[in-house]
Amino acid sequence: MRSGSSVPSDRLQGLTHGGADWSGLRVLVAGLGISGFAAADALAERGARVVLVDGQTPAAGSELAQRATILQVLDVEVRTGPQATAALPADLDLDVIVTSPGWRPDQPLLAAAAAAGIPVWGEVELAWRMRPAEGAAPWLTLTGTNGKTTTVQMLASILRAAGLRATSAGNVGTPMLEAVLHPEPYDVIAVELSSFQLHWSESISPLASACLNIAPDHIDWHGSFEEYWRAKAKVYARTEVACIYNVADDETRRMVEEAEVVEGARAIGFTLGIPSVSMVGLVEDVLADRAFVAERATSAAEMGTLADLSQGDVPPPPHVVANALAAAALARAYGVPTGAVRDGLRAFVPEPHRVAEVATVGGVRFVDDSKATNPHAAAASLAAFPSVVWIAGGLLKGADVDELVAAHAARLRGVVLIGADRARIGESLARHAPDLPVVDLSDTDTGAMDRAVAAAAGLAQPGDVVLLAPAAASMDMFANYGARGDAFADAVRRLPTTGE
């Protein structure tokens with residue numbers, strides 16, 4: 001790690017807290033979604049001159065139309081329709097653009113802004129700059145290809161167990177501006193950051209930071225894995241106390257080594273093995289801290305046990321344990337006692353569609369991990385079970401599945417393929433498991449998941465797990481991964497022998 005800092009452009013240098021003089025700032029806000037609305041609202045309230053653009057034309061009475069109306073009352077000029085985002089508006093002399101995270105850097109308006117030297121901030125960057133000048137809640141920031149939401153919510157649960165007023169925000173839960181500007185200030189904020197949000201950030205300085213893991217994802221947005229890696233690595237920039245990395249993922253260690261941090265910040269590893277000094281890890285079934293205890297050279301502090309992470313009688317999968325250790329390290333960096341780590345992990349309830357047990361039918365367990373929307377997430381899910389009938393497929397977003405299939409072919413009883421890019425998974429299966437039973441379903445109608453579940457049940461034997469871990473996004477067949485998981489659970493419940 002290197003000590004250092006970045007300096008904002010002279011034009012915007014003074015805009016580092018909510019009490020700064022924002023009046024008269026000429027801002028273009030890109031996007032009428034939740035984050036764009038929050039940004040325009042906060043800027044207008046502080047006297048900035050705001051124009052908001054969105055490529056959609058809001059339907060009358062829609063949520064977008066309601067947001068536009070509210071902003072217009074606040075003297076925000078709202079421009080909508082494809083022409084509003086096709087180019088940088090020629091009639092505006094802008095100081096800065098605030099973009100919603102989903103807007104790609106090659107979007108014509110943003111690309112033109114970059115060429116013209118106009119700074120582009122994300123909503124999270126704006127939120128950092130609008131924190132109170134005194135007594136602002138520190139940020140504990142977290143990213144990773146997979147496990148972000150589970151981990152940041154574990155972290156929030158731990159912080160609340162310590163008696164702190166805390167929330168999870170950013171890419172999950174509360175928008176960052178709402179969290180920062182809340183009338184009842186938080187003590188500390190657990191911040192989930194996507195690669196999109198990190199790409200558009202430049203001055204965030206967290207108290208502690210973590211990258212859980214990294215694997216190819218969102219290559220279509222970033223343009224290359226190198227650019228995706230670079231965005232993720234920004235989570236460590238300007239960290240004050242602790243950079244948390246995954247001992248099993250050398251790329252996260254490299255991110256920390258190359259990060260420019262506040263002098264004195266420490267590198268803290270998390271591992272599923274016995275922790276060395278300046279690590280947290282496992283000693284038999286104990287979550288152990290050898291990083292934030294004074295006597296770490298010779299001993300460790302207990303932060304909980306694997307039983308604290310179990311859902312019923314089912315032991316926690318390895319990736320859930322890793323997530324818990326990362327959350328614990330972030331909380332310990334803030335000074336949370338070990339007992340609160342244990343209590344927070346016990347109180348934590350996972351969100352739906354994350355390795356969720358649906359039912360056991362005829363001795364076969366059906367597990368919904370629809371949130372496994374890329375090969376790295378699917379690999380973690382498959383690794384948790386010894387004998388699997390795998391339901392896979394959807395939109396691969398440019399990701400390669402060959403390594404995933406090769407690594408886990410031996411644990412597969414059979415595979416049911418669904419979705420637009422199922423052929424690419426089928427080709428990998430043909431190379432690495434040519435004798436494996438594979439059912440290829442081209443169906444995309446409302447009954448497709450019922451047929452997929454029925455086919456999987458037909459391939460399974462007692463003791464197997466039928467696992468929905470698609471390794472792909474859902475939008476080719478479903479509104480989102482939640483709808484896909486719901487369809488899976490509903491289909492399982494419609495099996496004739498449910499409840500045996």
Side-chain angles (χ1 to χ4, degrees), residues 33-34 56 59 62-64 100-102 145-150 171-173 192 194-196 216-221 350-359 361 365-382 388-399 401 404 414-426 429 438-459 465-495 498:
I34 293 173
Q56 299 183 63
S62 67
E63 188 172 356
L64 287 181
S100 299
T145 300
N146 296 299
K148 297 184 295 296
T149 297
T150 295
N171 196 49
V172 61
E192 177 186 332
S194 70
S195 60
F196 308 154
D217 198 14
H218 300 301
I219 305 305
D220 52 348
W221 196 96
E351 284 198 348
H353 315 299
R354 291 166 168 82
V355 199
E357 296 268 342
V358 175
V361 182
R365 294 164 60 198
F366 289 77
V367 175
D368 167 17
D369 196 18
S370 184
K371 185 62 173 66
T373 57
N374 57 56
H376 189 265
S381 192
L382 286 165
V388 175
V389 176
W390 183 29
I391 300 179
L395 294 172
L396 287 171
K397 303 175 292 183
V401 294
L404 165 69
V415 179
V416 178
L417 296 175
I418 62 174
D421 293 335
R422 66 189 184 282
R424 289 178 51 195
I425 303 175
L429 288 165
V438 176
V439 178
D440 188 320
L441 294 179
S442 60
D443 315 36
T444 58
D445 59 30
T446 55
M449 187 60 79
D450 285 84
R451 290 186 283 279
V453 167
L459 294 172
V465 169
V466 170
L467 176 66
L468 175 69
S474 59
M475 288 77 75
D476 55 333
M477 294 175 62
F478 302 92
N480 49 51
Y481 74 82
R484 179 170 61 189
D486 290 341
F488 172 79
D490 290 343
V492 171
R493 295 183 186 107
R494 283 193 286 267
L495 288 173
T498 299

Could you list the residues that satisfy side-chain hydrogen bond (donor to acceptor under 3.5 Å, both in side chains) with [X], not counting sequence neighbours?
X: S100; result: none
X: D443; result: R451
X: T373; result: none
X: N171; result: E192

Residues which pass salt bridge (charged side-chain N to carboxylate O under 4.0 Å, His left out) with D490, listed by chain and number, not counting sequence neighbours |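 D490 satisfies salt bridge (charged side-chain N to carboxylate O under 4.0 Å, His left out) with R493 once adjacent residues are dropped.
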Excluding sequence neighbours, so at least two apart, what forms salt bridge (charged side-chain N to carboxylate O under 4.0 Å, His left out) with D486?
->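 Testing D486 for salt bridge (charged side-chain N to carboxylate O under 4.0 Å, His left out), a comparison that skips the adjacent residues, returns none.
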Working to the nearest 0.5 angstrom, can you tell me the gap between [X] [atom1] and [Y] [atom2]?
X: M449; Y: I391; atom1: CE; atom2: CD1; answer: 6.0 Å
X: S381; Y: W390; atom1: OG; atom2: CH2; answer: 10.0 Å
X: H218; Y: F196; atom1: NE2; atom2: CZ; answer: 4.5 Å
X: N146; Y: K371; atom1: CG; atom2: NZ; answer: 7.0 Å
X: T145; Y: H376; atom1: OG1; atom2: NE2; answer: 6.0 Å

Should V367 and V358 count as side-chain neighbours, where that means a heavy-atom distance under 4.5 Å?
->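 No, every pair of side-chain atoms sits at 4.5 Å or beyond.
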Quick one: list whatever passes side chain to side chain contact (heavy atoms under 4.5 Å, CB included) with [X], sequence neighbours left out.
X: A379; answer: L404, H408
X: V439; answer: V416, L441, A455, L459
X: E63; answer: R67

CA sep, side-chain torsions, deciding dist, call: L417, V438, side chain to side chain contact (heavy atoms under 4.5 Å, CB included) | CA-CA 7 Å; L417 296 175; V438 176; 3.7 Å; yes
Between R494 and D450, does at least one N-O distance fall below 4.0 Å, as a salt bridge requires?
->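 So R494 pairs with D450 through a salt bridge.
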So L64 and Q56, side chain to side chain contact (heavy atoms under 4.5 Å, CB included) or not? Walk me through it.
-> CA-CA 9 Å; L64 287 181; Q56 299 183 63; 3.8 Å; yes
Do any side-chain atoms of residues 465-479 form donor-acceptor pairs under 3.5 angstrom with protein atoms, and if so which ones, sequence neighbours left out?
| from | atom 1 | to | atom 2 | distance (Å) |
| --- | --- | --- | --- | --- |
| S474 | OG | N480 | O | 3.3 |
| S474 | OG | Y481 | N | 3.0 |
| D476 | OD2 | A420 | N | 2.7 |

Can you pull the salt bridge (Lys or Arg N to Asp or Glu O under 4.0 Å) pairs that have at least one residue in residues 415-426, sequence neighbours excluded?
->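 For residues 415-426: R422-D440.
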Kindly write out the residues that satisfy ring-ring contact (aromatic ring centres under 6.0 Å, His included) with H353, not counting sequence neighbours, or none if the list is empty.
-> none
Please indicate whether I219 has more than 12 foreign heavy atoms, meaning atoms of other residues, nucleotides or ligands, lying under 6.0 Å from its CD1.
-> yes
